[in-house]
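Numbered from 1 within each chain, the chains take letters A, B, ... in sequence-line order. Keep in mind the model is a prediction, meaning the values are calculated, not measured. FYI, side chains are in, hydrogens and waters are out, and symmetry mates aren't considered; it's all heavy atoms of this structure.
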Protein chains: 2
Amino acid sequence: MEFTGVRPKGVPPAILTIAGTDPSGGAGIQADLKTFTALECYGTSVVTALVAQNTLGVQDIFPCPPEFMKRQLLSVLEDIPVQAIKTGMMFDSHTIRAVVDTLRSFYTSGLPPLVVDPVAMSTSGHTLLEADAISHLKSDLLPMATLITPNIPEAELLLSHDAAESTKIASIQDMKSAAERLSSGYKIPAVLVKGGHLSLTVSDVCREAENGTRVEWAYGCGPDYPEVLRATSEYNSSSEQPPIRGDAVVVVDVLHQDGNESGSQSTLFVSPRIDTTSTHGTGCTLSAALASYLGAGLSVLEATRLATIYTHAGISAAFPIGQGHGPLNHLHTILPRAVPRPTPSLPFPFITALIESSRATWTSYVRHEFVRKLGNATLPRDNFVHFIKQDYHYLKHYARAHGQLALKSSDFESISAAATIALSIAGEKSIHESFCAEWSISAAELQSTPESPAATAYALYILDEGVRGDELSLLVALAACLLGYGEVGLWLKTEAAREGSDVFLEGNPYIKWIETYGGERYQRACREGIAALEKRVEATPLTVPRFRELAKIWERCTKLETGFWDMAMTLS
Amino acid sequence: MEFTGVRPKGVPPAILTIAGTDPSGGAGIQADLKTFTALECYGTSVVTALVAQNTLGVQDIFPCPPEFMKRQLLSVLEDIPVQAIKTGMMFDSHTIRAVVDTLRSFYTSGLPPLVVDPVAMSTSGHTLLEADAISHLKSDLLPMATLITPNIPEAELLLSHDAAESTKIASIQDMKSAAERLSSGYKIPAVLVKGGHLSLTVSDVCREAENGTRVEWAYGCGPDYPEVLRATSEYNSSSEQPPIRGDAVVVVDVLHQDGNESGSQSTLFVSPRIDTTSTHGTGCTLSAALASYLGAGLSVLEATRLATIYTHAGISAAFPIGQGHGPLNHLHTILPRAVPRPTPSLPFPFITALIESSRATWTSYVRHEFVRKLGNATLPRDNFVHFIKQDYHYLKHYARAHGQLALKSSDFESISAAATIALSIAGEKSIHESFCAEWSISAAELQSTPESPAATAYALYILDEGVRGDELSLLVALAACLLGYGEVGLWLKTEAAREGSDVFLEGNPYIKWIETYGGERYQRACREGIAALEKRVEATPLTVPRFRELAKIWERCTKLETGFWDMAMTLS
């Protein structure tokens with residue numbers, strides 16, 4: 001198979017981890033799958049060894065037979081177009097050989113970006129790679145890698161293994177040179193030496209920066225950190241002090257990239273050092289994040305920047321779980337989504353969710369006594385006339401609110417849409433005047449009727465949402481009226497057609513009203529309103545708190561609508 | 001150990017799956033971990049068997065030795081306070097015994113909610129539970145369960161195994177009676193029989209509803225579905241028609257709950273039937289979602305309602321991946337979070353992200369030539385005077401914008417905060433007047449100076465954001481001025497104290513200005529502004545599109561600030 005990196009639109013990148021397990025969920029393929037998921041990738045995973053471990057350490061290891069590891073790997077490769085691969089704990093030389101052989105024979109041309117985390121030892125000191133496997137790792141797996149991510153002991157091990165004397169890494173310079181030697185020695189395009197084991201200061205980094213090394217300060221820490229934030233941290237004793245001053249301690253990861261044209265280059269990624277024990281699975285998580293970003297098509301440099309930040313923020317956001325070195329928090333980059341994306345079988349998720357959020361209120365609005373009596377023609381004339389007069393006032397405000405919507409719009413399309421509706425509502429005026437004429441109410445009487453508090457409350461509530469909230473809040477406030485009247489008109493028409501119903505059209509004195517709201521012109525407006533709201537929510541999806549705000553506006557409007565029919569029934 | 005269900009605040013519920021693997025990521029513990037993550041739980045997992053499978057079927061199975069399964073299980077239980085457990089593929093009787101014995105001996109009192117998915121066969125027809133294991137499942141595991149989730153063939157298998165004649169489930173009535181028999185036969189408090197294999201209609205459900213069975217229609221489908229949405233679906237040929245009419249086909253899951261006091265009860269969960277092949281891992285996902293919701297403390301009824309919706313929406317939102325029965329989309333309930341929660345080592349994530357989003361613009365604002373010349377006293381008098389006059393006009397609008405902020409506020413606390421700031425800015429007027437007096441400019445001249453376009457543009461842009469956006473948009477528009485001047489004041493003071501800097505305070509004609517903005521009174525306002533913004537964003541977290549909108553407002557304001565200093569330098 002040829003790896004092309006092409007992937008269909010709308011399909012998340014599939015990322016593969018080949019590693020050991022951690023049943024307690026903080027490291028291994030479990031941490032990798034959490035990372036892939038948190039970074040919106042499609043996770044796949046091949047187990048090299050079952051590991052009984054938790055935050056206290058490794059209790060036992062059961063290696064997967066290499067043949068079965070290979071069988072798992074083929075199940076993934078032959079079916080899922082993998083966009084990037086990471087390897088973690090390999091355990092022994094047989095596993096390494098099986099992985100290398102399978103990848104080599106499967107990919108006849110090209111290989112997805114491969115991140116090799118040369119795991120040799122657990123944080124708790126348990127051997128995760130047998131001694132004889134190291135030479136296989138170096139001779140077979142490393143040369144296939146796009147990027148390897150040793151920590152300092154691992155970098156020392158990889159450099160010392162063949163050499164007569166051991167390598168000691170104790171400075172940024174040492175890290176740079178180790179990364180360079182690993183890159184050139186094993187022909188690896190990029191090497192990231194992780195400096196978590198080393199105590200370095202802002203001054204150490206600044207000295208490198210002055211010598212021309214590129215530096216990425218996470219979260220803008222470092223010498224250019226805003227004074228106003230520094231001072232606020234100093235004032236708030238609860239905050240840790242950001243590393244700005246020369247003697248502040250930082251974590252530095254060094255990326256060496258072997259550039260053919262642009263020349264080789266080192267970049268330092270600097271993060272505040274966090275005083276924590278929640279570091280279980282940090283290495284797994286970083287390499288999984290790297291694979292995710294590479295699989296999504298980012299450059300090694302950008303992937304490293306983002307993966308470092310993801311991992312660091314995960315440590316920073318860790319919650320206490322387990323009795324030893326707790327896991328980092330993999331979920332800090334995600335939020336619950338209040339409303340799913342529209343799909344063919346769920347085309348209106350937002351409006352459905354609004355209605356469901358206060359179903360009883362909606363029903364009391366759209367199936368109100370006023371509506372039922374209108375449908376079976378038992379509604380007294382006076383109630384209808386009172387309603388029409390008040391609705392005339394209300395419509396004026398409702399048209400104004402569309403002017404407000406135009407004012408709040410940011411593009412010509414939205415302005416046109418709002419203005420068109422304002423115009424159409426202003427046009428409804430004549431429909432109301434003709435209703436009134438039919439019921440012997442003059443235009444003068446219509447206009448001189450004082451506005452009822454129920455009409456004022458509803459109309460001005462909409463305008464107030466327009467003052468307080470954004471465009472979407474106003475759109476939701478406007479929708480309860482639009483869609484509710486569309487619902488009432490259609491329902492009355494559907495009922496009139498249903499056998500056994502007491503609703504009828506022919507001979508019903510209110511037929512014209514029913515046909516206005518159940519008719520094609522008004523229903524088109526409803527369809528457009530529905531489409532506009534769903535499209536908007538799909539483009540700028542809603543968090544749960546934001547949905548709750550909108551659901552409150554919706555419920556309030558449906559209640560005020562119910563109050564409007566009540567007003568008509570009580571002539572208030 | 002005693003299970004109490006108590007869990008510390010801020011720690012997500014830890015959920016455990018005990019099941020087989022699916023390296024291709026759509027089923028097994030992989031699907032379970034994705035589900036736990038998507039539902040904001042902490043996932044842990046114990047492997048009963050490594051399975052080489054993908055969307056095309058099961059290629060091979062390698063069972064984990066029961067002793068090592070037990071070792072994994074203890075690694076989890078002894079370290080992580082598990083809030084709910086699900087079991088999936090058990091493979092053989094040894095595994096079942098090992099799970100049952102380990103749980104029994106570990107939990108001396110109480111057991112977390114246990115969801116048993118009695119997996120016997122893969123969708124592709126592969127045996128996942130050996131024949132002799134079924135009796136162990138029934139005698140040992142089922143009686144420990146809080147809830148079991150058989151599909152129809154599994155329910156038939158469980159009911160037929162001991163009985164002389166085989167049970168056939170072909171109707172809702174059959175499902176109800178099967179669920180009831182399983183519940184009473186095995187003393188299981190709740191049984192959910194999944195009806196995916198059965199073709200049922202809206203009429204079938206309505207008939208049950210008329211007989212008093214409780215019905216939950218997902219997404220408001222069914223007879224009460226709004227007419228206005230039904231009509232829109234009918235109009236849009238791209239949408240599938242929602243199941244409303246009697247003959248529409250639906251999927252019905254039947255939950256039987258064995259209530260001691262309230263009596264036994266059945267509830268039907270009805271979803272639209274989706275025409276799709278993306279059903280790989282549906283059963284795993286549903287039981288994982290059930291365990292997640294139960295672990296979060298929801299009732300069986302509410303957990304079932306939400307888990308059914310989660311699974312159904314996951315099928316509906318599936319993307320094409322794999323060549324066979326594709327997986328459902330586990331990620332439809334989550335959104336990327338633009339800004340992490342504040343932590344002690346990252347106390348101001350929102351403001352840091354705003355500044356980093358347009359760092360160069362920020363720097364050109366807070367390190368402007370005007371600022372530098374002010375610091376080393378090389379700024380000509382005329383430029384300063386022009387600046388002060390225009391800043392006087394600007395401040396008036398800036399105070400008005402805080403009035404607008406009060407108008408947009410929804411609680412007394414926010415109103416007070418906005419009004420306090422408006423009052424304080426109006427008070428700054430006298431500082432400006434005294435600056436001007438020092439530079440021999442009368443109050444009359446100050447007021448009669450025409451407003452420069454740079455001042456108008458900036459001030460009215462803020463007010464316009466207040467008109468168009470919500471409270472947060474306005475707060476961000478206001479923050480660039482607040483924090484930028486705080487930054488400038490502090491930076492000049494810090495520079496003045498730094499050896500080798502040309503900035504000085506003593507004898508600097510602009511010392512009063514520097515001390516105003518670098519002083520405690522103004523810095524307190526900055527700290528309050530920072531805290532208010534971070535608190536607000538933490539309470540209503542930002543999606544990526546929303547953050548981008550706010551970052552645009554921020555960048556525009558910093559540019560307009562730069563333009564304001566430019567105006568001072570060019571006397572325009």
Decide, yes or no, whether a salt bridge links A/Arg546 with A/Asp470 under the criterion of side-chain N to carboxylate O below 4.0 Å.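 Salt bridge: yes.
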Atom group of [X] that falls short of 4.5 Å from chain A, counting heavy atoms:
{"X": "B/Pro242", "value": "neither"}
{"X": "B/Leu56", "value": "both"}
{"X": "B/Ile355", "value": "side chain"}
{"X": "B/Arg7", "value": "neither"}
{"X": "B/Leu482", "value": "neither"}
{"X": "B/Arg230", "value": "side chain"}
{"X": "B/Pro342", "value": "neither"}
{"X": "B/Gln523", "value": "side chain"}

Indicate the ring-plane relationship of B/Tyr219 and B/His312, choosing parallel, tilted or perpendicular according to the 30° and 60° boundaries. tilted
Report the relative orientation of the aromatic rings in B/His330 and B/Tyr310; use parallel for angles under 30°, tilted for 30 to 60°, perpendicular for over 60°. tilted
What I'd like to find out is whether the side chain of [X] reaches to under 4.5 Å of the side chain of [Y], using heavy atoms alone.
{"X": "B/Glu549", "Y": "A/Thr540", "value": "yes"}
{"X": "B/Arg337", "Y": "A/His332", "value": "no"}
{"X": "A/Pro336", "Y": "A/Thr543", "value": "no"}

[X] versus chain B, heavy atoms under 4.5 Å apart: side chain, backbone, both or neither?
{"X": "A/Ile15", "value": "neither"}
{"X": "A/Leu33", "value": "side chain"}
{"X": "A/Pro23", "value": "both"}
{"X": "A/Pro349", "value": "neither"}
{"X": "A/Arg273", "value": "neither"}
{"X": "A/Leu229", "value": "both"}
{"X": "A/Pro243", "value": "neither"}
{"X": "A/Ala218", "value": "neither"}
{"X": "A/Val51", "value": "backbone"}
{"X": "A/Leu542", "value": "backbone"}
{"X": "A/Ser316", "value": "both"}
{"X": "A/Glu487", "value": "both"}
{"X": "A/Arg341", "value": "neither"}
{"X": "A/Glu471", "value": "backbone"}

Which pair of non-hydrogen atoms, one from B/Gly326 and one from B/Thr55, has the smallest distance, and what is that distance? CA-CG2, 4.1 Å
Name the member of [options] that forms the most heavy-atom pairs with chain A at distances under 4.5 Å.
{"options": "B/Ala353, B/Pro8, B/Pro65", "value": "B/Pro65"}
{"options": "B/Pro272, B/Ser409, B/Pro226", "value": "B/Pro226"}
{"options": "B/Leu474, B/Val467, B/Leu483", "value": "B/Val467"}
{"options": "B/Leu74, B/Leu77, B/Leu331, B/Ile29", "value": "B/Leu331"}
{"options": "B/Val76, B/Asp224, B/Thr333", "value": "B/Thr333"}
{"options": "B/Thr276, B/Thr363, B/Val47, B/Leu490", "value": "B/Leu490"}

Based on non-hydrogen pairs under 4.5 Å, which of [options] is most in contact with chain B?
{"options": "A/Pro12, A/Gly486, A/Pro340", "value": "A/Pro12"}
{"options": "A/Phe36, A/Phe68, A/Phe62", "value": "A/Phe68"}
{"options": "A/Ala231, A/Pro327, A/Ala531, A/Cys526", "value": "A/Pro327"}
{"options": "A/Leu335, A/Val228, A/Thr37, A/Leu39", "value": "A/Leu335"}
{"options": "A/Lys408, A/Arg71, A/Gln53, A/Glu40", "value": "A/Lys408"}

Look up atom CG in A/Asp79 and atom CD in B/Gln59, then write down how far apart they are to the nearest 0.5 Å. 8.0 Å
Are B/Phe348 and B/Ile530 close enough, and set up right, to give a side chain to side chain contact (heavy atoms under 4.5 Å, CB included), and what steps lead you there? CA-CA 8 Å; B/Phe348 318 114; B/Ile530 291 167; 3.5 Å; yes
In terms of heavy-atom contacts, does CD of B/Glu356 have more than 12 from other residues, nucleotides or ligands at under 6.0 Å?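 Check passes, neighbour count above 12.
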Step-by-step salt bridge (Lys or Arg N to Asp or Glu O under 4.0 Å) determination, B/Glu520 to B/Arg527: CA-CA 10 Å; B/Glu520 172 53 18; B/Arg527 288 196 302 267; 2.8 Å; yes
B/Leu50 vs A/Cys64, test: side chain to side chain contact (heavy atoms under 4.5 Å, CB included). Steps then yes/no. CA-CA 9 Å; B/Leu50 293 170; A/Cys64 173; 3.7 Å; yes
For B/Glu227 and A/Thr494, test the side chains for any donor-to-acceptor distance below 3.5 angstrom and give the result as yes or no.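 Yes, A/Thr494 and B/Glu227 have a side-chain donor paired with an acceptor closer than 3.5 Å.
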Under 3.5 Å side-chain donor-acceptor pair for A/Asp32 and A/Thr17: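 The criterion, which ignores hydrogens and geometry beyond distance, is satisfied for A/Thr17 and A/Asp32.
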Tell me, with the steps shown, if B/Ile80 and A/Ile321 meet side chain to side chain contact (heavy atoms under 4.5 Å, CB included). CA-CA 7 Å; B/Ile80 309 282; A/Ile321 198 162; 4.1 Å; yes
If you apply the rule side chain to side chain contact (heavy atoms under 4.5 Å, CB included), what do you find for A/Gln30 with B/Thr44, and how did you get there? CA-CA 8 Å; A/Gln30 282 85 349; B/Thr44 66; over 6 Å; no
Charged tip of B/Lys34 within 45° of A/Tyr42 ring normal and under 6.0 Å: yes
